[in-house]
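See below for the structure under consideration.
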Amino acid sequence: MSEDSTQSDIRARGIAKMAEVYGWELSDGPGKHFAVTADHLFGDIWSRPELSLRDRRLLLLGALTAQGLHDVSEIQVSAALRNGELTEEQLREIAIFLCHYAGWAHGTKFDSVVGKVVADEQRKAEKLGTD
């Protein structure tokens with residue numbers, strides 16, 4: 001197998017895992033940053049068998065909340081709901097839990113992110129139902 005073939009297999013695996021994690025179709029992107037993201041982060045790290053996607057999502061939500069990266073946690077909350085990994089009630093419970101470990105302000109902000117994403121998803125569903 002040639003090096004180009006191996007690299008394209010790695011990229012395809014990474015892009016497939018990204019699509020699974022986020023719940024939408026992706027295609028190859030330009031640049032080294034995308035390459036490292038697809039090949040290493042998703043093709044290797046997110047693909048390791050020791051933790052489920054849900055386990056990794058829970059860890060990521062905690063880390064993002066603790067760092068105050070609420071814009072990125074919004075993407076993860078949306079993907080968790082879309083993929084059926086977590087319910088609104090579970091996400092709200094995560095917010096309460098994180099208040100005590102990541103700080104009240106961060107946990108409360110995470111709860112508001114959950115509320116925003118849930119409301120956005122409900123609006124999308126209602127719009128699809130009326131079209």
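Along the sequence shown, residues are numbered consecutively beginning with 1.
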Tell me if a side-chain donor or acceptor on [X] pairs with a main-chain N or O of [Y] at a distance below 3.5 Å.
X      : Y     : result
Ser78  : Glu74 : no
Arg57  : Val21 : yes
Arg11  : Asp28 : no
Asp111 : Ile96 : no

(message) If you compare all heavy atoms of Arg82 against all heavy atoms of Tyr22, which two are closest, and at what distance to 0.1 Å?
(response)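 Looks like NH2-O, 2.8 Å.
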
(message) Could you report the tightest heavy-atom contact between Ala95 and Gly107, atom names first, then the distance?
(response)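 What the structure gives for the nearest pair is CB-O, 3.6 Å.
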
(message) I need the Lys17 NZ to Asp39 CG distance, nearest 0.5 Å.
(response)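 So the NZ of Lys17 and the CG of Asp39 are separated by 14.5 Å.
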
Would a single hydrophobic cluster contain both [Y] and [X], if residues Ile, Leu, Val, Met, Phe, Trp and Tyr are joined by side-chain heavy-atom contacts under 4.5 Å?
X     : Y      : value
Ile10 : Ile15  : no
Leu98 : Val117 : yes
Ile75 : Leu53  : yes
Leu61 : Val114 : yes

(request) Output yes when Glu89 and Arg92 qualify as a salt bridge under the 4.0 Å nitrogen-oxygen rule, no when they do not. (result)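 Between Arg92 and Glu89 there is no salt bridge, as every charged N stays at least 4.0 Å from the carboxylate O atoms.
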
(message) Tell me every residue that passes salt bridge (charged side-chain N to carboxylate O under 4.0 Å, His left out) with Asp120, counting only those two or more places apart in sequence or in another chain.
(response)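 Scan of Asp120 (salt bridge (charged side-chain N to carboxylate O under 4.0 Å, His left out), adjacent residues dropped) gives Lys116, Arg123.
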
(request) Go through the steps for Leu91 and Leu81 under the test side-chain contact (heavy atoms from CB on, under 4.5 Å), then give the verdict. (result) CA-CA 9 Å; Leu91 288 161; Leu81 287 168; 3.7 Å; yes

(request) Starting from the C-alpha separation in whole Å, work towards a yes-or-no answer on side-chain contact (heavy atoms from CB on, under 4.5 Å) for Leu58 and Arg54. (result) CA-CA 6 Å; Leu58 287 167; Arg54 184 179 187 274; 3.6 Å; yes

Would you be so kind as to tabulate the donor-acceptor pairs closer than 3.5 Å made by side chains of residues 40-47, with sequence neighbours excluded?
residue, atom, partner, partner atom, Å
Ser47, OG, Phe42, O, 2.7
Ser47, OG, Gly43, O, 3.3

In the structure I gave you, are the side-chain heavy atoms of [X] and [Y] within less than 4.5 Å of one another anywhere?
X     : Y     : result
Phe34 : Met18 : yes
Arg56 : Arg48 : yes
Gln90 : Glu85 : no

(request) Go through the steps for Leu60 and Val72 under the test side-chain contact (heavy atoms from CB on, under 4.5 Å), then give the verdict. (result) CA-CA 10 Å; Leu60 182 53; Val72 181; over 6 Å; no

(message) Would Cys99 and Thr108 count as a side-chain contact (heavy atoms from CB on, under 4.5 Å) here? Give the steps.
(response) CA-CA 7 Å; Cys99 280; Thr108 300; 3.9 Å; yes

